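Structure, as structure tokens:
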Amino acid sequence: MKRQNVMILVFQILLLTLTQIASAETIEPQLDLTGGQCRESEIINTTSTYYTNILTVLSNLRSSSSAEHFLNTSVGLGSNRVNGYYVCRPDVSLDTCEACVNATITTIDEFCFDRKEATIWYDECMIRYTNNSVSATEGNGTDPWHFNYSTFNVSATDGFPALVNTTMRGLISEAVSPDNVHKFFAHGKENFTSFEGFFGMVLCRPDMTVEACESCLLTALGRIPSCCVDSLSTWTTIMLPNCQLRYDTAQFIFDDLPLLSPSSTLPTPAPSP
Ligand SMILES: *[C@@H]1O[C@H](CO)[C@@H](O)[C@H](O)[C@H]1NC(C)=O
Ligand SMILES: *[C@@H]1O[C@H](CO)[C@@H](O)[C@H](O)[C@H]1NC(C)=O
Ligand SMILES: *[C@@H]1O[C@H](CO)[C@@H](O)[C@H](O)[C@H]1NC(C)=O
Ligand SMILES: *[C@@H]1O[C@H](CO)[C@@H](O)[C@H](O)[C@H]1NC(C)=O
Ligand SMILES: *[C@@H]1O[C@H](CO)[C@@H](O)[C@H](O)[C@H]1NC(C)=O
Ligand SMILES: *[C@@H]1O[C@H](CO)[C@@H](O)[C@H](O)[C@H]1NC(C)=O
Ligand SMILES: *[C@@H]1O[C@H](CO)[C@@H](O)[C@H](O)[C@H]1NC(C)=O
Ligand SMILES: *[C@@H]1O[C@H](CO)[C@@H](O)[C@H](O)[C@H]1NC(C)=O
Ligand SMILES: *[C@@H]1O[C@H](CO)[C@@H](O)[C@H](O)[C@H]1NC(C)=O
């Protein structure tokens, strides 16, 4: 029943698979396309004002991505209004952010150029444009969505489901904590002896309220039992328009940017030019 009228474009992994250098635990961003959706029923005319507005929104997002990890923007009025935003993961540099936003726009050009709305998730960033509200506090905050999980399970006797539940809930609390220097982003590692460890990450759009972020992430966590293997799969990714969460038994946090721990003090920002 749900999403019956929506064509889900599941993209093949186009680019390099995330590789991992086990000894150094160093992960370089390689722009992995995770998934995306365009609404099939809403093909638009490329001579329309709406189409021109999409191009302007995408252009605004592209130019901001070398300077900021997040932007939402709107162009046009009434039925021609296009709302769009991107979010880059705080553990990637602005260079990677720019390259990723650029890559999502190339993907949109390829798969969604004549569609009324599109949402594309890469590991490093996500982008969305739509005629509908993109309010971070109401409506459509949790759809469309994308999930994926490993076909390998850990042994149920390892206490893994409880580890997933406890760790991810802890990260959600940490992400929305006022002490968090990376607003609405948290990641962590727990010991999990059968594997390299247990790694978790949660992320929300930085302009959300604490309540909306927490609710979005709990929605994402709550979807695991029905979409994916109920907390036994060795990795699971849940991507929503306003938030995402991910866990893995291997490291996946990027070393592209030094991450501050919540207790660190922020460096004084350089004055804006
Ligand atoms: C797009 O709009 C133009 C001008 O109104 C029209 O000539 C053309 O047939 C339309 N194309 C489609 C695919 O609807
Ligand atoms: C952006 O993408 C275009 C087309 O794929 C490419 O030619 C250009 O070099 C890219 N720019 C950056 C900064 O990555
Ligand atoms: C967006 O477009 C859809 C389909 O054309 C329409 O049903 C919906 O009302 C539009 N939303 C807004 C906020 O105009
Ligand atoms: C960005 O999002 C916020 C929160 O939803 C909203 O108040 C603001 O108007 C948006 N800005 C633009 C330019 O759409
Ligand atoms: C949510 O999306 C649906 C379908 O695209 C649309 O009809 C509805 O108006 C949207 N609601 C909000 C609050 O944007
Ligand atoms: C899920 O991930 C696997 C492994 O990376 C990949 O081969 C597959 O295409 C992904 N499936 C979806 C629906 O994204
Ligand atoms: C993993 O667990 C699920 C749920 O118990 C099961 O359906 C699936 O077959 C298992 N996968 C493997 C590779 O054993
Ligand atoms: C996860 O933890 C919460 C709070 O600790 C608890 O209420 C809930 O029942 C747990 N869920 C599962 C599936 O274990
Ligand atoms: C994980 O294991 C290491 C090495 O045995 C230990 O030093 C560390 O304290 C453990 N961490 C936790 C959270 O238990």
Side-chain angles (χ1 to χ4, degrees), residues 9-21 26-38 54-73 82-113 115 117-130 134 136 144-148 175 182-187 199 201-208 216 220 235 237-246 248 250-259:
L9 287 182
V10 177
F11 302 125
Q12 300 299 317
I13 298 298
L14 298 178
L15 303 174
L16 293 169
T17 306
L18 189 72
T19 54
Q20 198 189 324
I21 303 159
T26 293
I27 296 188
E28 299 291 338
Q30 296 186 11
L31 302 182
D32 287 288
L33 179 60
T34 310
Q37 295 193 11
C38 322
I54 292 175
L55 298 185
T56 309
V57 162
L58 294 179
S59 165
N60 292 349
L61 298 180
R62 193 198 295 267
S63 22
S64 167
S65 63
S66 60
E68 302 286 347
H69 280 76
F70 167 74
L71 181 76
N72 72 339
T73 184
V82 179
N83 307 301
Y85 61 91
Y86 71 86
V87 181
C88 286
R89 257 169 61 174
D91 55 335
V92 301
S93 66
L94 286 171
D95 282 349
T96 301
C97 180
E98 180 180 20
C100 186
V101 169
N102 197 29
T104 61
I105 291 173
T106 304
T107 303
I108 286 170
D109 288 345
E110 198 171 343
F111 295 100
C112 309
F113 71 96
R115 302 307 165 126
E117 70 171 65
T119 310
I120 306 287
W121 292 273
Y122 274 66
D123 280 356
E124 295 82 358
C125 72
M126 64 82 58
I127 199 167
R128 171 164 167 78
Y129 72 80
T130 174
V134 295
W145 64 300
H146 173 84
F147 61 86
N148 200 359
H182 289 293
K183 195 176 180 199
F184 298 162
F185 174 68
H187 66 96
F199 302 85
M201 180 202 82
V202 301
L203 172 65
C204 288
R205 252 175 81 171
D207 61 340
M208 294 175 89
C216 185
W235 60 262
T237 304
I238 310 282
M239 303 284 202
L240 280 65
N242 284 341
C243 72
Q244 56 180 263
L245 65 78
R246 186 167 165 173
D248 202 332
Q251 165 69 308
F252 63 88
I253 296 296
F254 299 120
D255 286 349
D256 205 20
L257 194 68
L259 283 165

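The structure presented is a predicted model; accordingly, all values stated were derived computationally and were not measured. Nothing fancy with the numbering, it's 1 onward along the sequence.
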### Query
Mind checking whether Phe184 and Asp207 have side chains closer than 4.5 Å, heavy atoms only?
no
## Note on the structure
Residues at least two apart in sequence or cross-chain that pass side-chain hydrogen bond (donor to acceptor under 3.5 Å, both in side chains) with Tyr129, listed by chain then number, are none
### Query
Once you round to the nearest 0.5 Å, how far does CZ of Arg246 lie from CE of Met201?
6.5 Å
### Ser59 side, atom OG; Ile105 side, atom CD1 - distance, nearest 0.5 Å
8.0 Å
### Task
Look only at the side chain of His69 and the backbone of Val92, and say whether a donor-acceptor pair between them is shorter than 3.5 Å.
yes
### Query
For Thr104 and Thr107, does a side-chain donor sit closer than 3.5 Å to a side-chain acceptor?
no
### Query
Checking side chain to side chain contact (heavy atoms under 4.5 Å, CB included) for the pair Phe70/Arg205: CA distance, chi angles, key distance, verdict?
CA-CA 8 Å; Phe70 167 74; Arg205 252 175 81 171; 3.9 Å; yes
### Task
Mind listing the closest non-hydrogen atom pair of Pro144 and Pro241 along with its distance?
O-CD, 2.9 Å
### Message
Please find the pair of heavy atoms, one from Leu240 and one from Ala220, that lie closest to each other, and give the distance.
### Response
CD1-CB, 4.0 Å
### Query
Distance from Phe147 atom CZ to Trp121 atom CH2, nearest 0.5 Å?
11.5 Å
### Message
Quick check for you: to the nearest 0.5 Å, what is the distance between Arg128 atom CZ and Asn72 atom CG?
### Response
12.5 Å
#### Entry: From CA spacing to verdict: disulfide bond (SG atoms under 2.5 Å apart), Cys125, Cys97
CA-CA 7 Å; Cys125 72; Cys97 180; over 6 Å; no
### Rounded distance (nearest 0.5 Å) linking atom CG of Asn83 with atom CD1 of Ile54
11.5 Å
### Message
Over 60° means perpendicular and under 30° means parallel, so tell me whether His187 and Phe185 are parallel, tilted or perpendicular.
### Response
tilted
### Task
State whether a side-chain donor-acceptor pair under 3.5 Å links Asn60 with Tyr86.
no
### Message
Using only atom types and a distance under 3.5 Å, with no angle test, would you say the side chain of Glu124 pairs donor to acceptor with the backbone of Cys88?
### Response
no
#### Entry: Partners meeting side-chain hydrogen bond (donor to acceptor under 3.5 Å, both in side chains) with Thr237 (sequence neighbours left out)
none
### Query
Can you tell me how far OG1 of Thr73 sits from CG of Leu58, rounded to the nearest 0.5 angstrom?
10.5 Å
### Query
With a 4.5 Å heavy-atom cut-off, do Pro90 and Leu203 have their side chains touching?
yes
### Query
For the side-chain hydrogen bond (donor to acceptor under 3.5 Å, both in side chains) test, which of Thr96, Asp95, Asp91 pairs with Ser93?
Thr96
